[in-house]
Amino acid sequence: MKPCAELASHVARRVAVRRLGGVHRHFCTEAKAESSLSLLPDAGTLYEMEMPVAKQLNMRTHLPSSLSKQMGTLGEVVTLVREPIVEVASCMRAVNKTFPTLRLVLWGPFGTGKTVTLNQAVHHAYNNNWAIINLRSAMELTRRVKEIEMSSFVSGRINDPSNAVAFLQNFKQQNQHIWKLLGELLTERDYEWSKSEKTLKDKPITEIIEMGISAPFLASDCVGALFRELRRHATADKLEVLVAIDDANSLWGKTLVKRADRTYAPPSDLTLVVHFRRMIQNDWMNGCVLMVADKKEVADARDELGVSRYTPLELFGEEGFEFIEPFLPIETTNYTESESNAIYNYYVKKNWLATEAARTEEGRKQLMHLSAFNPFYYERLCAFN
Amino acid sequence: MTSKLIKFAQKRCISSTPSTFNMYDPRVFREPVSDVNQLAKPLDSADDRNFLFVKAMKSDSTPVFYRDSVIDKLVRVCTKDGEKETSRRNVLGALEIIKRRQYKAWAKASDEEKKNITVNPFEISRKAIKNCRPLMKLQGVTRGGTTYQVPFPIEEPEAEFRAMKMLRDICRARARHGETHFKDILATELIAASQNEGATIHAKQELHKTCEANRAYAHYRA
Amino acid sequence: MPKRKLRGQTQLEQATGRAEMKTRSRTDLMDRLAQRPPRSEEMDADQKWSDVWPAARTFAASVVPLPVRMGSRPNTEKRAPFKKEGNLELVKIPNFLHLTPAAIQQHCEAIKKFCTPFPPELLNTPELAKTELPISVDYNTYVHQGTNIRDIRSRVVTMKVQVAALKFSEHALEKFARLAANRYDETTGILTIITDRCHTRKQNIDYAYYLLTVLYHEALKVESWEKLSARADALKVDFDGSTTKSRLVEIIEKTHVDEKSMESFGKMWNEYRNTEETPEKTREYARRAKEILGLRKAEV
């Protein structure tokens, strides 16, 4: 993280508590050494992720498409540090082995930076050597299921081999920074995947991942086993885990998976959904679950008149809401003038705003107001100017 | 050969006839003011706009800083079935693609070459349309049962329109299969045309050749 | 034979005085007008207009003493609209010449002896209507430009009742809300019944009163199976007894937290779950959740 490299540890200790606002009433006894945690820069400044790190964390697929294109064109991943990520980072500092997992839900209107904040948090976790469980979109598990297999483990459950393998490969790629640590963590018991495949007790859990990647028909069960082991080891204070799920409200939403009797299966019938729900539950310690409540799940393209809400209860539904409670909702909002100026100056510096008119004062003001301070539309306007 | 065509075009200029009928009564209506700075200034007391009506402003001429007449015209020409929003998305998407490609080339280039590379997509598309403009058009004139393709001189607005129409037809034909999107093809064509290459320039040159070949029919122009 | 009276025949008829005199309209009109000027010219300026035009009537140019003109023409600058004599356009449109302020005043004076005065208390404080007059019945009458007096919409009746006036107990109010479903708005406390089920307005009003009576009596009844209701049957979600509370208690029993903050969280939670969810309410939830989970921001 370039801006923070200059911050020496002697500054960090003094400044840490004040800046990140972490007066923890209940956690003072377990405070971590401030200097060991890498800090986020101030809210309102730009924050760069180095390209090799971004590539390892698979930012190209996880960031929203417009920012992913910027990654390719400008050759760097630069985002703005705003209030939500500062709050998320302070909550991540509060994570503790004596406290059950902290659940955070990012909510807000369209284009205000929910997915971007999620990815910034993933990068922050990477910097602090946390394990990362990152799902690109829970809608892929419920609505984009290419082929299904009935589970041999629990009758009535539906496995999703392609999504499970893709997830395991992504997990492997994103956790390369702690791969050695993961290799040192051992399984609790024997896992009999099928009649021939087996993982014995006291083997490194990386074997489960390799097993899942190599055998698609076992992958869904491997995901479950991996999650179980991670929860166990996190509770035992061996490592901290960040569970980052985009479009998490889809885990309680609509499915497009058809059962044998041609009815749609509820999400609780899908193994991967069940595993992720167990990960969200707060019966384990030393972890932070970051979810995004997205309108994609409930929005109906054919309903021209209705405007759906973007608040958590509406999007998660009663069942989902009761599952994730108690949680902390974190709001993402439109830009303030200073934030849009920061982005504007960055684009001018990089020569991304190519037209003369865009680089004038009038152009700067019009860009802010034409986009109505919405980050998504601001980026879209700057894209062709 | 092209210089002869140019001289030919310059000698014969048809008087440009404005449209004969306008729904707006010219005695009662005046043009609207699009410029924000001019709007802020008060009207001169002798100005007849104090007493007359003003025509309705078209949605194309809102005073946004990126307003460009050539791009607006291209959007209108590419509109199909009245879906101007789709056309606008396509054209502005093409501008974005042009900018991204040019930016990548600019970033890779050395400091000397950087001065020659334009990243501004509006400039590139304006240059492209300018390069695609034909100098003459072919119009069918029927004499004694046979329709001859006669070359006629062309005004600038019409030449611009014909350039855009050629560009649009070529891009639509390429996008028909659905493999590539219209905006990608449009972007490639615009970049190529700004370098005087590509299918549209080729089509324009073919048109010029046919005009040259049909020079003999020019006396059918009445 | 040609189909006309031949010359000889017409001559005979004229001679004997049996000829049909063809009346030419224009000259006839002129003749008649020449005899007597129209009534409007002989009217007194102080006359009583309601005697001249007592009821609704189609426009009669000779009776109305106003210089009205009506008509469209190709060039508005060149010609004035057509005058009222023989003008069909003036006849086609509805006129309200029978509704002058003086005529209306006369009508009101005549009806006044059948009316009681409007309560002055209600004039001064309109809010009294909520408590003193809890039932209001609305219906519409429709007027058409043509001769038709019927409109199917005039049988629609809207009855609004202030439910507070029914003085229900808590149990009865909940039962009432279940029975009335979306007709009862709990934020305003008004029951709205809209009926057009019967053919006439009177029948619909009677039906609305009948519905109100039935709802009232049914709400007061207590059935034996009502005691079987569980948490899932309740209309509103309650914080006490929810999984959230038990989970919170588990989390917080590790550290001390006072009962007051738990109570205030419960109150906020009840409001959040049982009323309309807005971004502002969600922000309030975030503030309280931060407090109760111990992640409060430091005072910088």
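Each chain gets a letter, A, B and so on, in the order the sequences are listed, and its residues count up from 1. Atoms considered below: every heavy atom in the structure, side chains included; atoms not considered: hydrogens, waters and symmetry mates.
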### Message
Please check if the number of heavy atoms outside Phe373(A) that lie under 6.0 Å from its CZ is greater than 12.
### Response
yes

### Message
Counting only heavy atoms from other residues, nucleotides and ligands, does the tally under 6.0 Å from CZ of Arg183(C) exceed 12?
### Response
no

#### Entry: Segment of Phe323(A) engaging chain C (4.5 angstrom heavy-atom cut-off)
backbone

### Task
Step through the shown structure and confirm whether more than 12 heavy atoms of other residues, nucleotides or ligands are within 6.0 Å of NZ on Lys281(C).
yes

### Query
Would you call Pro279(C) and Trp107(A) a side-chain contact if the rule is heavy atoms closer than 4.5 Å?
yes

### Message
Would you say OH of Tyr210(C) has more than 12 non-hydrogen atoms from neighbouring residues, nucleotides or ligands within 6.0 angstrom?
### Response
no

### Task
Go through Leu293(C) and Leu102(A) one step at a time and tell me if the side chain to side chain contact (heavy atoms under 4.5 Å, CB included) criterion holds.
CA-CA 9 Å; Leu293(C) 290 173; Leu102(A) 186 57; 4.2 Å; yes

### Task
Output, in order, the C-alpha distance, side-chain angles, deciding distance and verdict of side chain to side chain contact (heavy atoms under 4.5 Å, CB included) for Glu322(A) and Arg247(C).
CA-CA 10 Å; Glu322(A) 280 182 7; Arg247(C) 277 197 211 141; over 6 Å; no

### Task
Look at atom CZ of Arg150(C) and say whether more than 12 heavy atoms of other residues, nucleotides or ligands are closer to it than 6.0 Å.
no

### Task
State, with a plain yes or no, whether a side-chain heavy atom of Pro312(A) is found less than 4.5 Å away from one of Tyr272(C).
yes

### Query
OG1 of Thr311(A) to CD of Glu280(C): how many Å apart, nearest 0.5 Å?
12.5 Å

### Message
Within a 6.0 Å radius of atom CD1 on Ile152(C), are there more than 12 heavy atoms belonging to other residues, nucleotides or ligands?
### Response
no

### Query
Which atom names give the shortest non-hydrogen contact between Ala286(C) and Pro329(A), and what distance separates them?
CB-O, 3.3 Å

### Summary
Between Ile251(C) and Pro100(A), the two heavy atoms sitting closest are CG1-CG, 3.9 Å

### Message
Can a donor-acceptor pair be found, under 3.5 Å and without considering hydrogens, that links the side chain of Glu277(C) to the backbone of Leu313(A)?
### Response
yes

## Note on the structure
Taken to the nearest 0.5 Å, the spacing of Leu248(C) CG from Glu325(A) CD works out to 7.5 Å

### Flag side-chain contact, heavy atom, 4.5 Å: Ile292(C) against Pro326(A)
no

### Task
Counting only heavy atoms closer than 4.5 Å, note whether Thr282(C) contacts chain A via side chain, backbone, both or neither.
both

### Query
CZ of Arg178(C): more than 12 outside heavy atoms within 6.0 angstrom?
yes

### Message
Are there over 12 heavy-atom neighbours, none belonging to His199(C), within less than 6.0 Å of that residue's NE2?
### Response
no

